[in-house]
Amino acid sequence: MISSITATTGGQPVFRRDLDPNALRLTRRKTINLLRNCKNIAQVPPIHAKIIRTFHGQDAFVVFELIRICSTLDSVDCAYDVFRYVPNPNVYLYTAMIDGFVSSNRSADGVSLYRRMIRDSVSPDNYVITSVLKACDLEECREVHGQVLKLGFGSSRSVVLKLMEVYGKCGDLVDAKKVFDEMPERDEVAATVMINCYSDCGCVKEALELFNDVKVKDTVCWTAMIDGLVRNKEMNKALELFREMQMENVSVNEFTAVCVLSACSDLGALELGRWVHSFVESQRIKLSNFVGNALVNMYSRCGAIYEAKLVFKGMRDKDVVSYNTMISGLAMHGESFEAIKGFREMVNRGFSPNEVTLVALLNACSHGGLLDIGIEVFRSMERVFHVEPQIEHYGCIVDLLGRVGRLEEAYRFVENMPIEPDHIMLGALLSACKIHGNMELGEKVAKRLIESEDSDSGTYVLLSNIYASSGKWKESSEVRGSMRDSGIDKEPGCSTIELDNQIHEFLVGDTTHPEKEAIYQRLQELNRVLKFEDVMFVYQ
DNA sequence: ATAGGGTTAG
């Protein structure tokens with residue numbers, strides 16, 4: 001990217017003499033349109049060069065557009081290169097730049113730019129305040145809140161709504177509620193934001209109470225409540241609310257469909273998912289990428305990989321998320337080579353794989369036992385795809401080594417990693433130790449897990465099983481005992497299954513289902529089949 | 001010229 005400069009000769013800016021105000025306006029219009037049509041950051045530099053020639057990088061309207069385009073094209077550094085050479089940026093430019101930082105997950109840069117703006121005595125408006133609030137943590141939010149009151153933006157609707165939202169996101173329900181209560185007209189929009197605050201803080205009960213108090217609820221309000229329930233893992237309640245919504249004749253849109261599909265994915269509610277699919281088609285709800293991706297995800301996670309592929313194939317403007325969803329689904333179903341094929345197609349079509357793509361691809365390798373490919377992918381992550389390996393990627397490699405039985409190597413890998421292992425990674429290693437019968441290493445890993453205090457009941461159970469299977473009965477029962485003492489055995493395992501549009505829920509040790517005898521008998525049969533298949537697999 | 005309630009991948 002070319003750096004914008006103020007062209008000077010002997011200290012004086014040079015302006016093109018042949019541009020009268022009308023011509024300037026026309027050129028500005030044309031340039032902005034050119035910028036808006038850019039699909040790729042590579043198309044921007046020639047236009048930028050022209051902007052420097054024509055406007056000397058000083059026309060706020062054009063620069064504003066330039067900053068926004070660079071940001072939307074995932075090139076916030078280019079946007080900043082433009083911004084930092086503007087001598088006295090106005091509040092519009094600050095807003096665009098802060099927004100750019102926020103959407104690239106660079107909140108700290110957004111906040112410090114806002115501070116610089118205040119220091120440079122540029123008066124904030126309600127737009128820039130809502131922008132910077134998105135970047136704030138709790139302390140910064142309080143600071144901006146103070147300024148808001150001092151500067152008289154306390155009655156700006158968008159500012160107040162954003163303040164509530166950020167307080168909620170930061171877990172400060174008290175202040176969110178305070179702002180809400182102080183609003184002169186608490187309409188359904190404000191209530192929707194407050195419902196989200198409750199959901200963000202895990203207060204489902206309060207969210208539902210407020211929801212029930214809202215007199216006239218529109219699609220957005222219903223959708224927010226359904227989504228809040230989904231995010232808090234109250235799937236059945238979410239689906240119940242969805243049915244209620246339709247009985248109240250509130251129209252369902254693509255947002256609602258995506259939320260419900262996400263609930264179906266979690267519950268494995270294939271039939272309801274299919275129903276939402278046909279509902280989307282019959283209601284002519286826009287089959288956007290959001291909906292398409294949610295459908296692909298729902299079908300894969302409900303075990304219907306064929307239908308997932310069908311939806312995926314039918315999507316015309318697939319994006320990175322579409323590919324990631326499909327590759328993850330294929331990996332989940334053990335179709336490792338299909339997943340790799342999907343990855344190749346994605347790269348060939350010019351998409352840049354991101355960190356999620358690489359997790360999916362590594363998972364595919366792991367599930368297929370493709371050690372060499374997996375290691376190769378991991379090694380090329382940074383060099384070829386410019387993705388810095390995160391804990392999830394390291395975890396995939398540990399999983400991969402563990403699965404193929406190279407446990408010592410996996411342990412060495414963990415010890416040599418530049419980051420600390422988390423309980424998920426150690427848990428994967430632990431179960432690999434159990435599967436491959438490496439008791440010494442298993443014991444070492446389990447102890448490390450329990451010391452880290454991040455362990456769940458599963459760790460204790462596995463450690464106790466490891467002791468039991470090597471005849472160390474005393475140690476085994478001691479582990480069970482310390483599990484009870486630590487109160488960690490309280491979390492009940494839960495699973496659900498959908499049958500004839502009914503979601504059946506089962507808790508660990510649950511014997512309340514009317515058909516429990518038939519269910520447990522069938523379970524035992526399945527266990528025998530699985531054991532047999534496992535043995536066959538080993539001796540193949 | 002800008003924002004202002006709800007969505008997908010691990």
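Keep in mind that this is a model prediction, so the values were computed, not measured.
As judged by a 4.0 angstrom heavy-atom cut-off over every strand, Glu355(A) is placed among the base-contacting residues. If you check every strand for non-hydrogen atoms under 4.0 Å, Asp187(A) touches nothing. Asn90(A) comes within contact range of at least one nucleobase, with a heavy-atom separation under 4.0 Å. Within the 4.0 angstrom heavy-atom criterion, base atoms lie near Thr192(A). The residue Thr219(A) sits close to a base: some heavy atom pair falls under 4.0 Å. Nucleic acid contact for Ser328(A): sugar-phosphate only, since backbone atoms but no base atoms lie under 4.0 Å from a heavy atom of the residue. Across all strands, Val356(A) comes closer than 4.0 Å to base atoms (heavy-atom distances). Within the 4.0 angstrom heavy-atom criterion, no nucleotide atom of any strand lies near Lys318(A).
Closest to the side chain of Thr256(A), from the set dG6(B), dT7(B), dA9(B), is dG6(B). Nearest to the side chain of Thr95(A), among dG4(B), dT2(B), dG6(B), sits dT2(B). Set against dG10(B), dT7(B), dG6(B), the side chain of Gln390(A) has dG10(B) as its closest nucleotide. In this structure, the nucleotide among dG6(B), dG10(B), dT2(B) sitting nearest to the side chain of Phe255(A) is dG6(B). Taking the side chain of Tyr127(A) as heavy atoms from C-beta on, and the options dG5(B), dA3(B), dA1(B), the nearest nucleotide is dA3(B).
Donor-acceptor pairing under 3.5 Å, judged by distance alone, is present between the side chain of Asn354(A) and the base of dA9(B). A donor-acceptor contact under 3.5 angstrom links the side-chain atoms of Asn253(A) to the base of dG6(B).
The NE2-C1' distance, from His333(A) to dA9(B), rounds to 14 Å in whole Å. In this structure, Met183(A) places its CE atom 15 Å from P of dG4(B), rounding to the nearest Å. Nucleotide dG10(B) holds its P atom 10 Å from the CG atom of Asp266(A), rounded to whole Å. Taking atom CD on Glu65(A) and atom P on dT2(B), their separation rounds to 8 Å, with Å as the unit. Atom CG in Leu163(A) sits roughly 13 Å away from atom P in dG4(B) (whole-Å rounding). Atom CZ in Phe64(A) sits about 6 Å away from atom P in dT2(B), given to the nearest Å. Atoms CG (Asp319(A)) and C1' (dT7(B)) sit 13 Å apart, rounded to a whole Å. Across the protein-nucleic acid pair, Ile195(A) atom CD1 and dT7(B) atom P stand 13 Å apart, rounded to whole Å.
Between Arg68(A) and dA3(B) there is a side-chain polar atom (N or O) within less than 4.0 angstrom of OP1 or OP2. Here Lys134(A) reaches the OP1 or OP2 of dG4(B): one of its side-chain N or O atoms lies under 4.0 Å away. Within the structure, every side-chain polar atom (N or O) of Asn196(A) is placed at least 4.0 Å from both OP1 and OP2 of dG5(B).
Judged by ring centres under 5.5 Å apart and planes tilted less than 30 degrees, Tyr323(A) fails to stack against the six-membered base ring of dA9(B). By the 5.5 angstrom centroid cut-off and the 30-degree plane limit, Phe290(A) is classified as not stacked against the base of dT8(B).
In summary, Asp213(A) and Arg186(A) do not engage in a salt bridge, as defined by a charged side-chain N under 4.0 Å from a carboxylate O.
For the residue pair Asn354(A) / Asn324(A), a side-chain donor-acceptor distance below 3.5 Å is found, with atom types taken as modelled.
Note on residues 289-331 of chain A: pairs passing ring pair (Phe, Tyr, Trp, His ring centres under 6.0 Å), not counting sequence neighbours, are His277(A)-Tyr299(A), Phe312(A)-Tyr323(A), Tyr323(A)-Phe351(A).
Ring-centre distance between Phe242(A) and Trp222(A): not below the 6.0 Å cut-off.
Taking CD1 of Ile129(A) as the reference point, atom CD1 of Ile98(A) lies at 10.0 Å (rounded to 0.5 Å).
Taking the six-membered ring where tryptophan is involved, the planes of Tyr80(A) and Phe101(A) are tilted, since the angle between them lies from 30° to 60°.
Taking 4.5 Å as the limit, every side-chain heavy atom of Val387(A) sits out of range of all side-chain heavy atoms of Glu382(A).
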